[in-house]
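First the structure, in the form of structure tokens, and then the observations on it.
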Amino acid sequence: MKDYKLVLVIGNGFDLDLGLPTSYQDFLKSRDFNLLLDPVNMKYSYGYDIEDSENIFHYLNLKYQCQNWIDIEKELKLLASTEEHYYDNLGTLIKTFPVASEGKTKSFEVLCKQLCLYLMKLDYNFVKRDSTALKLLSIINKYNSICEIITFNYTDLHKLNNELIERLSVRIDHVHGSIKNKDIIIGFEDEVEIDKSYSFMIKSFNPAFRSHNVRQKLLDADEIIFFGHSLGETDYHYFEDLFRFQSQPEYCKGPKVIRIFTYDEKSRIDILFQLRAMNNKRTDMLFDLNDFEIYRTKNDSDKIDIYLSLLEERLHSQRFETIC
């Protein structure tokens with residue numbers, strides 16, 4: 001009999017549920033980011049003197065002030081991939097992409113370092129002890145022999161040891177680097193059309209990028225929990241095979257238990273639209289061919305408590321069967 005396998009996939013919403021201010025908005029509001037807008041500090045701290053027009057910090061700050069919300073990676077993608085058009089002498093339409101200046105390259109490097117520094121200074125003493133994220137992590141950690149965590153966050157979950165009954169021992173795979181190793185990876189996916197000069201923003205081009213076999217781990221798992229991940233376009237490619245296969249009877253690898261934890265009704269609808277894009281508009285088949293449900297941490301506390309209780313019972317029995 002095949003051993004039972006559970007994979008927990010976590011995104012930024014997991015940290016936020018714990019009460020950690022790790023969103024891009026939190027960073028852009030912080031002193032750490034605002035220091036980057038000061039040319040004197042930039043010169044003193046990093047030795048760079050970069051004009052505002054060539055400075056990624058000022059670009060991101062302007063976007064944030066206009067929108068009061070920002071996804072840094074999406075904005076970086078727009079910066080690098082917005083097409084420019086002109087007609088040559090023969091009247092032929094020519095399409096080009098922006099070319100990265102030295103200022104853009106240097107300020108991106110500083111941005112990554114400063115975000116890492118901001119996250120390293122976070123205070124874990126005020127983590128929400130009654131959060132769904134911490135309850136789930138405690139259960140997953142207890143059954144570490146059949147569970148694994150795939151995190152798209154940079155934060156170090158071992159800093160939660162004081163809040164857990166047992167020290168964290170479950171396998172944790174950091175897909176985009178971690179603050180612990182000071183190798184966080186920011187940027188966008190390979191499919192984006194850009195000029196070669198902007199290749200330093202492609203995540204897979206980062207020297208710290210490693211193989212993680214995320215797609216295969218998800219396809220092989222019996223139970224998958226997504227917590228606080230938007231399943232958005234930047235990481236779309238990691239999940240597309242799973243949701244496409246599990247929505248087609250001819251390819252479905254048996255019914256999987258799939259749970260998605262998100263914040264509220266708006267984010268639930270956003271996720272369903274993302275799934276629609278991944279499974280060729282067959283979200284109904286995803287429900288039909290699997291044990292699939294979405295929980296809203298803001299609204300579904302009773303349902304979540306029931307699921308967590310059943311999850312612990314299931315993992316306990318599966319571990320017992322594995323030992324036997």
Side-chain angles (χ1 to χ4, degrees), residues 1-11 13-14 132-133 135-152 170-173 175 212-233 235-262 267-297 300 303-322:
M1 184 181 68
K2 172 182 173 291
D3 291 344
Y4 197 82
K5 186 67 179 176
L6 181 146
V7 175
L8 169 62
V9 180
I10 63 176
F14 187 88
T132 302
K135 291 176 185 176
L136 178 60
L137 182 62
S138 298
I139 295 172
I140 298 298
N141 188 48
K142 191 184 299 185
Y143 301 96
N144 56 67
S145 62
I146 57 176
C147 297
E148 178 178 2
I149 296 175
I150 297 175
T151 176
F152 287 81
V170 64
R171 174 182 167 81
I172 303 171
D173 198 359
V175 178
H212 297 280
N213 305 119
V214 174
R215 297 169 190 78
Q216 196 59 51
K217 287 176 182 178
L218 296 179
L219 291 172
D220 291 343
D222 301 284
E223 184 163 358
I224 305 166
I225 304 170
F226 293 90
F227 197 119
H229 199 297
S230 66
L231 309 181
E233 59 188 37
D235 299 318
Y236 177 101
H237 53 287
Y238 288 109
F239 314 122
E240 186 177 11
D241 286 349
L242 169 70
F243 290 113
R244 187 173 72 250
F245 291 161
Q246 292 305 121
S247 300
Q248 300 179 69
E250 62 270 33
Y251 296 112
C252 183
K253 293 192 173 184
K256 291 183 185 290
V257 178
I258 302 175
R259 293 293 185 272
I260 298 178
F261 287 78
T262 189
S267 59
R268 186 185 75 90
I269 295 298
D270 289 344
I271 283 174
L272 285 170
F273 261 84
Q274 279 299 113
L275 293 177
R276 231 171 147 250
M278 285 187 264
N279 63 18
N280 198 29
K281 300 182 177 63
R282 294 312 310 269
T283 311
D284 56 336
M285 294 300 290
L286 183 62
F287 279 91
D288 192 54
L289 296 172
N290 302 275
D291 180 354
F292 176 78
E293 193 160 355
I294 300 177
Y295 297 127
R296 303 162 299 177
T297 56
D300 300 326
K303 287 183 180 180
I304 290 171
D305 286 342
I306 293 171
Y307 169 70
L308 293 180
S309 178
L310 293 174
L311 172 66
E312 183 150 22
E313 290 178 13
R314 182 162 58 254
L315 292 178
H316 178 78
S317 64
Q318 290 294 339
R319 187 174 67 174
F320 180 77
E321 289 179 14
T322 300

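Considering only residues two or more places apart in sequence or on other chains, E313 meets the side chain to side chain contact (heavy atoms under 4.5 Å, CB included) condition with S309, L310. Under the side chain to side chain contact (heavy atoms under 4.5 Å, CB included) criterion, L289 pairs with P249, C252, M285, sequence neighbours left out. Under the salt bridge (Lys or Arg N to Asp or Glu O under 4.0 Å) criterion, D270 pairs with K266, sequence neighbours left out. When the side chain to side chain contact (heavy atoms under 4.5 Å, CB included) test is applied to S230, no partner is found at least two apart in sequence or on another chain. Residues meeting the side chain to side chain contact (heavy atoms under 4.5 Å, CB included) test with E223, sequence neighbours left out: Y4, L6, V257, Y307, L311, R314. With sequence neighbours excluded, the residues satisfying salt bridge (Lys or Arg N to Asp or Glu O under 4.0 Å) with E312 are K142.
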side-chain contact (heavy atoms from CB on, under 4.5 Å) for T151 and F14? Distances and angles first, verdict last.
CA-CA 10 Å; T151 176; F14 187 88; over 6 Å; no
- [ ] Give the intermediate values and the outcome of side-chain contact (heavy atoms from CB on, under 4.5 Å) for residues I146 and L315.
- [x] CA-CA 8 Å; I146 57 176; L315 292 178; 3.9 Å; yes
Check your understanding: Could you go step by step and tell me if K256 and L242 meet the side-chain contact (heavy atoms from CB on, under 4.5 Å) rule?
Key -> CA-CA 10 Å; K256 291 183 185 290; L242 169 70; 4.1 Å; yes
Determine whether M278 and R244 satisfy the following criterion, side-chain contact (heavy atoms from CB on, under 4.5 Å), listing intermediate values before the conclusion. CA-CA 6 Å; M278 285 187 264; R244 187 173 72 250; 5.9 Å; no
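Taking the six-membered ring where the residue is Trp, F245 and Y251 present tilted rings, their angle falling between 30° and 60°.
Aromatic ring centres of H212 and Y238 lie farther apart than the 6.0 Å criterion allows.
Interatomic distance, OG1 of T132 versus CD1 of I304, reported as 4.5 Å (0.5 Å rounding). Put simply, CG on L136 and CD1 on I225 are 5.0 Å apart, with the number rounded to the nearest 0.5 Å. Between the CZ atom in F152 and the CD1 atom in I10 there is a gap of 10.0 Å [rounded to 0.5 Å]. Atom CD1 of residue I149 and atom CZ of residue F227 lie 12.0 Å apart, to the nearest 0.5 angstrom. Summarising the geometry, atom OG1 belonging to T283 is positioned 11.0 Å from atom CD belonging to Q274; distances are rounded to the nearest 0.5 Å. To the nearest 0.5 Å, atoms CD (E293) and CZ (F287) are separated by 8.0 Å.
Side-chain atoms of D291 and R259, non-hydrogen and from C-beta on, do get closer than 4.5 Å to each other. Here the side chains of T262 and F226 are not in contact, with every heavy-atom distance at 4.5 Å or above. Between V175 and D235 the shortest side-chain heavy-atom distance does not fall below 4.5 Å.
The two residues V7 and K217 come nearest to each other via the heavy atoms CG2-O, 4.1 Å.
Between the side chain of N290 and the main chain of Q246, a donor-acceptor pair closer than 3.5 Å is present. Judged by distance alone, the side chain of D222 and the main-chain N or O of K5 form a donor-acceptor pair under 3.5 Å. A donor-acceptor distance shorter than 3.5 angstrom exists from the side chain of N144 to the backbone of N141, with no hydrogens or angles considered.
Using a 4.0 Å cut-off between charged side-chain N and carboxylate O, K303 and D305 make no salt bridge.
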